[in-house]
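When a ligand or atom number is given, it counts from 1 through the structure's own listing order. Throughout, residue positions are numbered sequentially from 1 according to the sequence presented. These values consider heavy atoms only, across backbone and side chains, with no hydrogens, waters or symmetry-generated copies.
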Amino acid sequence: MSAQILDGKQLAAALREEIRRDVEELRAKRGIVPGLAVLLVGDDPASQSYVRGKQKASTEVGIHSVVERLPADLSEQTLLERIDHYNEDPSIHGILVQLPLPPQIAEDRVITRISPGKDVDGFHPWNVGRLYSGGEGFVPCTPAGILEMIRRNRIEIAGAHAVVVGRSGIVGKPVAQLLLRENATVTICHSKTKDLGFYTKQADILVAAVGRPGLITADMIKPGAVVIDVGINRVDGRLVGDVDFEAVKERAGWITPVPGGVGPMTITMLLYNTLWSAKRMGNVQ
Ligand SMILES: NC(=O)C1=CN([C@@H]2O[C@H](COP(=O)(O)OP(=O)(O)OC[C@H]3O[C@@H](n4cnc5c(N)ncnc54)[C@H](OP(=O)(O)O)[C@@H]3O)[C@@H](O)[C@H]2O)C=CC1
Ligand SMILES: Nc1nc(=O)c2c([nH]1)NC[C@@H]1CN(c3ccc(C(=O)N[C@@H](CCC(=O)O)C(=O)O)cc3)C=[N+]21
Ligand SMILES: [Mg+2]
């Protein structure tokens with residue numbers, strides 16, 4: 001038996017159509033066009049390519065997007081001033097600073113400078129805190145996209161044992177928190193975990209967010225499990241995840257492909273967060 005494919009590309013297309021209609025309605029009824037500012041520092045080719053993807057997707061749904069490309073050697077102060085500019089610009093409802101940043105710039109000071117009400121990545125400590133305390137705030141795009149993909153395919157989360165491999169602030173920790181909120185029993189693994197397979201073999205839902213091609217092999221999977229592959233790795237010019245897809249799909253119940261799985265959902269949730277921010281304009285800090 002081969003796993004069912006969790007088709008992120010197809011679901012993303014359907015959701016983007018819903019977002020496009022909502023954007024049009026917001027424009028027609030209230031005269032508001034959602035605006036997104038993306039700040040890209042340096043010329044890393046992968047970051048350039050993600051930013052192009054975000055810009056194209058925004059345009060397709062009618063979101064006005066501004067991409068500001070800044071030199072790799074700019075000072076932290078200059079970047080903070082650009083953030084202040086968009087914080088004060090009423091035509092901008094979402095601000096995203098593409099990560100990673102060059103070494104002379106402190107990521108936490110940059111993220112904290114973004115107005116929490118425009119923090120569509122959900123990385124500001126206020127939004128992080130709201131995710132953990134259960135309040136209303138921006139949910140990080142990749143974790144939100146993963147949950148949406150699970151829900152829309154009617155996969156049961158409550159009572160499932162979810163094992164998350166990776167504990168970054170942008171994927172691992174927030175996805176674990178969202179799964180916990182949906183009543184999964186959650187285990188988080190990381191680079192110091194001893195005997196990773198011991199944990200992954202118990203997973204009804206397995207999320208791999210590491211960045212190591214081939215880390216998750218078929219022998220590490222519980223038969224019938226839902227396998228979510230967040231990893232994006234370039235191997236011999238090809239894009240692959242963290243999961244040995246060909247072997248694991250023969251054992252799993254559901255699996256996300258790379259490309260075409262979590263990636264397109266991440267961008268879709270960015271559009272969703274920007275729309276939501278524009279709808280709430282004036283109602284939130
Ligand atoms: N599809 C999408 O939309 C997105 C994809 N990505 C991709 O997802 C992957 C993860 O991204 P991100 O979370 O930012 O990465 P980070 O590098 O920030 O975090 C990687 C995590 O993996 C853990 N880890 C490293 N090696 C192992 C190992 N051998 N066994 C178990 N855990 C390990 C690390 O542990 P420790 O904490 O101990 O160091 C860390 O917690 C990358 O490939 C990235 O490109 C990221 C964002 C969005
Ligand atoms: N502030 C910030 N927010 C982010 O959300 C953020 C970031 N910085 N830095 C980098 C990571 C990575 N990330 C991806 C988004 C889309 C795809 C994506 O669309 N992937 C396509 C393939 C794209 C391709 O072909 O290269 C897919 O998986 O099908 C991948 C990865 C967002 N990130
Ligand atoms: Mg994201």
Taking [atom] as the point of reference, which of [options] owns the nearest heavy atom?
| atom | options | result |
| --- | --- | --- |
| atom 33 (C) of ligand 1 | G145, S191, P143 | S191 |
| atom 1 (N) of ligand 2 | D121, L270, V262 | D121 |
| atom 29 (O) of ligand 2 | G263, G260, P257 | G260 |
| atom 47 (C) of ligand 1 | V171, D242, V165, V258 | V171 |
| atom 37 (O) of ligand 1 | R167, K173, H190 | R167 |

Heavy atom of A209 under 4.0 Å from ligand 1? yes

If you measure from each heavy atom of G263 to ligand 1, is any distance below 4.0 Å? yes

Examine Y50 against ligand 2 and note whether any of their N/O atoms are separated by less than 3.5 Å. no

I want to know if ligand 2 touches I170 in the polar sense, i.e. an N/O pair below 3.5 angstrom. no

Do R20 and E17 meet the salt-bridge criterion of a basic N to acidic O distance under 4.0 Å? yes

From D121 CG over to L96 CG, what is the distance, rounded to the nearest 0.5 angstrom? 4.0 Å

Can R234 be said to touch ligand 2, with heavy atoms closer than 4.0 Å? yes

